[in-house]
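First comes the structure, then the notes that go with it.
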Amino acid sequence: MAKRPNFIHLQIEQDLEEGKNSGRIHTRFPPEPNGYLHIGHAKSICLNFGIAEKYGGKCNLRFDDTNPAKEETEYVDSIMEDVHWLGFDWGDRLYYASDYFDKLHQFAVDLIKKGKAYVDDQDADTISRQKGTPTRPGFESPCRMRPVEENLRLFEKMTAGDFPDGSHVLRAKIDMASPNMHMRDPIIYRIIKASHHRTGDKWCIYPMYDFAHGQCDYWEGITHSVCTLEFEVHRPLYDWFIDQLMDSDYRPRQIEFARLNLTYTVMSKRRLLELVKEGYVNGWDDPRMPTISGLRRRGYSPESVRNFSERIGVTKVDGMIDVSLLEYSVREHLNKIAKRVMGVLNPLKVVITNYPVGETEELEAINNPEDPLMGTRKVSFSRELYIERDDFMEDPPRKFFRLAPGREVRLRYAYFVTCTEVIKNEKGEITELHCTYDPASRGGNSPDGRKVKATIHWVSAAHAVKAEVRLYDRLFNDENPTGHKDIDFRQFLNPESLTVLKECFIEPSVRKAKPLDHFQFERLGYFNVDYDSTEENLLFNRTVPLRDSWSKFQNGK
RNA sequence: UGUCCUGUGGUGUAAUUGGCAACACGUCUGACUCUGGAUCAGAAGAGUCCAGGUUCGAGCCCUGGCAGGACAACCA
């Protein structure tokens, strides 16, 4: 896909022109391992790794693991898997904020010695109240004037674990009257007596994110710290820390961009975690989840996610992207690569009354009309078939082109058939169709050149394999589930987001398919094989339906 | 009564030094088609948040408004 430069690229190019960092470009993707990555992170990953690729630079993967209470190894593993799946690699540059705990601690001690940090032993409420509000200045803590020696001693005791959680914090001494809340003597270290996923029980105190992030960037030689808009107001604080640290004119440049919002979805790890924990979905990788692992299981390809990221662009405008753009991106890619296959989701039996009993023949079908190199395959035809229930109407409206009593249609790659009889049960439900076929139309064309208005898909009843197919719809039925003041986002959960069809019949060529293999079920949509699928119990997920002007017409009526 | 950020078709992004507001998705036509898919051709849809100003000329520069968002976790 053609990549056009976004505003961050332009700023980087300007830095390059000015000869900053002697032409070096180094970015990083810094997730907190407290949940699975989602499509919004994909945007950031594509941006950061993309910048490195574009300018011949490097991109680090760094886990921001400064809060042992929320972080787990499971998340670390999933994040690495997802970044790789998207097609990016951090080489030997895998880092953790926890790699810098010693340096950070030393830096804190240095700040104390310089009189720029102090231990506060007031409770959280009091400290919070003293901070003021965005429109009112804060006032100074009585601990602010504590002598350096005492601060050093207290911080040492904090480090040694002599104090309980929450009893003491270390604060930077900046300006309680600053119009920027983040400069009002921010807390930089707090006591958390929890075991850390990497450092174990070595530490009782942990740096705050704000005290770690900028310094990690600095120590890693990051030239461009790309992050989301909400950190814009933190930038002066990060700069303040770097001011205390820097020994040359090198300083990472932070550039903020707008996080991704998608219609009909929620995009915060906290809420996604709630959906998982409360059982509204079946785990982080439920195909209805906007997580990278969910999209993967749903059948999205890495290419389609990357193309989507490219297409939406990068700006500072906090907007909302239409999911239809994401869906367009998968269809676009899958159309090129997915093998075509015939499958009947809601089967209706058809008997070809003039076809010999017990006979079977092989017909040739094209695997992908978009790509001749994908070749052809044989599909078996016989007297008893299944077609899609939706492809027959006993009393069709004007614009319905498919099968109806007395009407002739083409069975794809096979024959022209005409419906001669509709069989019903006592309840008046259609159970079976009788048709006749035209032997001269073998392969799908009639020698006399007569036309049919529709081609429908089918499978041979005797040859088809049974499969379970899961149809997914959007998880929420409101465009902006979290955008309503007094209504919880769960209220907008779509009760029909998952439809399980257990009696589907697919042509046998899919039997050996492996999990994650993509298919187009002709005329229906793109489907992929689920992780839980086996040769005996085939299981497909619908990635996205095909564009469908007939259903659009129907719904519009 | 703050600080910072952002306002361009329905949505998302472009517009070089100030020079006919462009592209994609979506929508609607039509062509073609053994997928009501894909493809191809075309159409509608904004005068750039508002008001002034500078200029031959402003989406872009200046002034003043308005609207939306972020910031008051010992979260990141």
Side-chain angles (χ1 to χ4, degrees), chain A residues 2 4-6 30-32 34 64-67 69-71 97 120 123-124 127-129 131-138 165-171 178-184 186-192 205-206 208-210 212-213 227-236 256 258 263 269-270 311-329 331-332 335-336 340 342 365-366 368-370 399-402 409-414 416 441 443-445 451-457 520-525 545-553:
Chain A
R4 52 167 194 273
N6 58 49
E32 183 192 12
N34 67 341
D64 261 317
D65 56 352
T66 54
N67 186 354
K70 291 186 176 177
E71 294 144 9
D120 198 321
D123 61 72
I127 291 178
S128 166
R129 247 179 295 115
K131 270 209 169 149
T133 71
T135 53
R136 267 174 210 280
D165 283 25
S167 61
H168 296 67
V169 290
L170 184 69
R171 295 228 254 167
S178 170
N180 183 337
M181 294 285 298
H182 299 282
M183 301 300 273
R184 324 238 263 230
I187 291 168
I188 59 179
Y189 258 100
R190 75 297 208 191
I191 301 169
I192 304 176
I205 60 171
Y206 291 90
M208 297 289 289
Y209 170 84
D210 276 352
H213 192 83
C227 65
T228 46
L229 254 26
E230 67 269 29
F231 295 106
E232 204 149 25
V233 268
H234 296 236
R235 201 190 325 142
E256 307 86 6
T263 55
K269 276 198 261 183
R270 196 197 87 220
R311 222 176 313 249
I312 59 177
V314 178
T315 64
K316 302 188 75 152
V317 185
D318 186 20
M320 171 95 70
I321 308 271
D322 198 320
V323 258
S324 68
L325 193 57
L326 216 210
E327 293 176 346
Y328 171 82
S329 297
R331 288 196 188 102
E332 178 192 45
N335 177 45
K336 290 183 203 135
R340 270 57 168 178
M342 291 198 283
I366 294 166
N368 187 346
E370 305 292 318
K399 294 222 173 180
F400 185 84
F401 302 145
R402 285 110 94 148
V409 299
R410 174 170 32 234
L411 295 179
R412 178 145 233 227
Y413 299 124
F416 282 17
S441 63
N445 291 298
K451 302 278 186 196
V452 287
K453 290 200 84 170
T455 299
I456 64 173
H457 61 275
Q520 184 197 99
F521 290 2
E522 293 219 32
R523 303 207 306 130
L524 297 175
L546 248 28
R547 280 187 66 214
D548 182 357
S549 51
W550 164 244
S551 76
K552 196 185 287 180
F553 169 75

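Numbers restart at 1 for each chain; the letters A, B, ... are given by sequence-line order, proteins then strands.
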- prompt: Taking only N and O in the side chain of R4(A), is any of them less than 4.0 Å away from OP1 or OP2 of U13(B)?
  reply: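 For R4(A), the contact criterion (side-chain N or O under 4.0 Å from OP1 or OP2 of U13(B)) is not met.
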- prompt: Given C75(B), is OP1 or OP2 found less than 4.0 Å from the side-chain N or O atoms of K269(A)?
  reply: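 False: K269(A) side-chain N/O out of range (4.0 Å or more) of C75(B) OP1/OP2.
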- prompt: If the C1' atom of U54(B) is compared with that of U63(B), how far apart are they to the nearest Å?
  reply: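 One C1' to the other, the span is 11 Å.
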First of S128(A) and N445(A) reached from the 5' end of RNA chain B, by closest nucleotide: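 Per heavy-atom nearest nucleotide, the more 5' residue is N445(A).
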field: Residue met sooner reading RNA chain B from 5', once G166(A) and R331(A) are mapped to nucleotides
entry: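 With G166(A) and R331(A) compared, the 5'-side residue is R331(A).
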message: Can you list everything that forms a side-chain hydrogen bond (donor to acceptor under 3.5 Å, both in side chains) with S167(A)? Sequence neighbours excluded, please.
response: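 If we apply the side-chain hydrogen bond (donor to acceptor under 3.5 Å, both in side chains) test to S167(A), skipping adjacent residues, there are no hits.
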Who are the salt bridge (Lys or Arg N to Asp or Glu O under 4.0 Å) partners of [X], not counting sequence neighbours?
X       : value
R410(A) : none
R523(A) : D391(A)
K316(A) : E232(A), E256(A)

message: Counting the atoms with a prime plus P, OP1 and OP2 as sugar-phosphate, which does P369(A) contact under 4.0 Å by heavy atoms, base, sugar-phosphate, or nothing?
response: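 Here P369(A) touches the bases of the nucleic acid.
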query: For G9(B), is chi within 90° of 0 (syn) or not (anti)?
result: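 This nucleotide is in anti.
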query: Between the side chain of T133(A) and the main-chain N/O of R136(A), is any donor-acceptor distance below 3.5 Å?
result: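 The answer is yes, because a donor-acceptor pair under 3.5 Å joins these two groups.
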- prompt: Starting at CG of D548(A) and ending at P of G26(B), how long is that distance when rounded to a whole Å?
  reply: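 It works out to 14 Å between those atoms.
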- request: Starting at the 5' end of nucleotides 2-7 of chain B, put B wherever the base has a protein heavy atom under 4.0 Å, S where only the sugar-phosphate does, and a dash everywhere else.
  value: BSSSSS
message: Looking at E327(A) and G26(B), is any side-chain donor or acceptor paired with a base atom of the opposite kind under 3.5 Å?
response: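 There is none.
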Base of U39(B) paired with side chain of E370(A) (donor-acceptor, under 3.5 Å):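 Looking at the base of U39(B), it does not pair with any donor or acceptor on the side chain of E370(A) (distance under 3.5 Å).
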- line: Here RNA chain B, pairs taken as Watson-Crick or G-U under 3.5 Å and shown with ( ), [ ] when crossing and | when to another strand, reads .((((((..((((.....[..)))).(((((.......))))).....(((((..]....))))))))))).....
